Amino acid sequence: MSNVRFKTMEQMPLEMHKVKIVQKLNLLPVEERLKAIQEAGSNTFLLQNRDVFMDMLTDSGVNAMSDRQQAAMMVADDSYAGSETFTRLSKVLKDIFGMDMFLPAHQGRACENIISQAMVKKGTFVPMNYHFTTTRAHINLNGGTVLELIADKGLETTSEEPFKGNMDLDRLKKSIQKVGKGNVAFVRMEAGTNLIGGQPFSLENLEGVSSICKENGISLVLDASLLADNLYFIKKREEAYKDSSIREITAKMASLCDIIYFSARKLGCARGGAILTRDKELFNRMKGLVTLYEGFLTYGGMSVREMEALTVGLEETMDEDMICQGPDFIQFMVNELKKRGVPVITPGGGLGCHINAMEFVNHIPQSEYPAGALASALFIAGGIRGMERGTVSEDRDADGNEKHADMELVRLALPRRVFTLSQVMYAVDRITWLYENREMIGGLEFTEEPAILRFFFGRLQEKGDWQERLAEKFRKDFGDSL
Ligand code: F0G
């Protein structure tokens, strides 16, 4: 818990839960790790779980559930229409967010599909603090253009700035003037801004965005998938809210927005998605799309069991002891890596620890995918599966030109309540070894490159034979240790 102080030793995060169910892990010898990553086309998305020791790919759908969530799953009311489970979930959503209309969907990107189809017309613009991959793809599919208006400080890799997810309010005003308010489909704010390192925005910034939207008659949409981390950071870093409860901060945020959607694979530690609004006309427009793409309005593609787990999970998200676990572990990992000279994104954000590949392997040009190369090297070094969040995660432009990402990151997700502190220290150890041997890491090139969201299924290969040489060096340095 955040306010438990250690008296005789250095402060470290303390879990406010105990483990009840475990899953055995397997750590392959380095030669097999090398083989596995090469068979996966150096793409960590294509690894088999049985070959992975620490799965730090994402928190999506893999946060640990509580005993109360699991128990709730047993009382799910399974019926095609009119399920009691839906009523229970609707009530909790209304209690927490104060919005009385709720549409269920099977996951976050399904919400994005529905919102984009209902609100984005060809030639319109969507200003946002920063894009997420699936969000931008849906907006583009409907003929819209994303305007990224993150404040300059958000893209500084190392800083003391507490709210790197803030939108630049001046640029928002100017952008609306430039494209004309009638051409703005909506403004989107992403909580715990994923692609810049899980960085939060402040409530003050959201208030600013909200008043500009109101002046111009534009809807404000909140992507609340990573809300839990953002809430914790507001409580800890924003002076004006240090005495507010998590529930009060949530209510205040929701009052500033017109639409809230989220991936329940993240928020609420379950699986599914939700769209909330107070706008009856918009609700009716989206309703038809939910029935068409997702399912009947009382389940929207979710299993009722997951809906019960979500109902409890959302209530648990209002508990500071629960939401502190991710950010506190992440900050711990960031500090340990920083102490050892490893370039990481600071301050620690939510979701995971983000390694700055642009600096870690600064000898690899962006055209050879430094973050992808580092992610594959980390799997060889420790059986640790991270996620490339750099140029591989960008698609080529309409003319087939490569778009170099603003940042080259390897994200090491810390799903909530999943890893122990010793596992985190193991990851720190292997990353540090890799950093000491960083000059051995080389670039990658595509062998198979899908046109859309290529990072999911694209296959790459090493340039030269650096992966083999790295595995040999590991064997030499670690002897017969795994
Ligand atoms: N919005 C944000 C901010 C997200 O992080 C995600 C998913 C989505 C929307 C889409 O939700 O996966 O349920 O369809 N992020 C996952 C990740 C994939 O690993 O960061 P979804």
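Source: prediction; values computed, not measured. For this chain, numbers begin at 1 and follow the sequence in order. Indexing begins at 1, ligand by ligand and atom by atom, following the structure's order.
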Can you name the atoms of ligand 1, numbered from 1 with element, that are less than 4.0 Å from a heavy atom of [X]?
X: R109; answer: 10 (C), 11 (O), 12 (O), 14 (O), 18 (C), 21 (P)
X: G108; answer: 11 (O), 13 (O), 14 (O), 21 (P)
X: T134; answer: 10 (C)
X: E112; answer: 1 (N), 9 (C)
X: E190; answer: 3 (C)
X: T58; answer: 17 (C), 19 (O)
X: R265; answer: 13 (O)
X: D223; answer: 1 (N), 2 (C), 3 (C), 9 (C)

In terms of the angle between their ring planes, are Y80 and F296 parallel, tilted or perpendicular, with boundaries placed at 30° and 60°?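 If you compare the ring of Y80 with that of F296, the planes turn out tilted.
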Students often mix this up, so state it plainly: with edges at 30° and 60°, are the rings of F455 and F45 parallel, tilted or perpendicular?
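The arrangement is tilted - the two ring planes meet at 30° to 60°.
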Can you tell me if [X] and [Y] form a side-chain donor-acceptor pair at under 3.5 Å?
X: S60; Y: R265; result: yes
X: D406; Y: Y130; result: yes
X: E15; Y: Q325; result: no
X: Y261; Y: D223; result: yes

Under 3.5 Å between some N or O of ligand 1 and some N or O of [X]?
X: R389; value: no
X: N194; value: yes
X: Q107; value: yes

Worksheet entry | Lys/Arg N to Asp/Glu carboxylate O, D59 vs K266, below 4.0 Å |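 Salt bridge present between D59 and K266.
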Would you kindly specify which portion of H106 sits under 4.0 Å from ligand 1, judged on non-hydrogen atoms: side chain, backbone, both or neither?
->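 No part of H106 comes within reach of ligand 1.
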- Quick one: which of N194, L195, I345 gives a side chain to side chain contact (heavy atoms under 4.5 Å, CB included) with R411?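 Per the side chain to side chain contact (heavy atoms under 4.5 Å, CB included) rule, the option paired with R411 is N194, out of N194, L195, I345.
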Query - Ring centres under 6.0 angstrom apart (F233, F163) - result: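 Distance test on ring centres: not under 6.0 Å, no.
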* Asked: If you measure from CE on M54 to CG on L412, what distance do you get to the nearest 0.5 Å?
  ->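 Separation between the atoms: 8.5 Å.
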Around [atom], find the nearest protein heavy atom and jot down its residue, atom name and distance.
atom: atom 15 (N) of ligand 1; value: K266 CE, 2.9 Å
atom: atom 6 (C) of ligand 1; value: F132 CE2, 3.3 Å
atom: atom 13 (O) of ligand 1; value: S263 OG, 2.6 Å

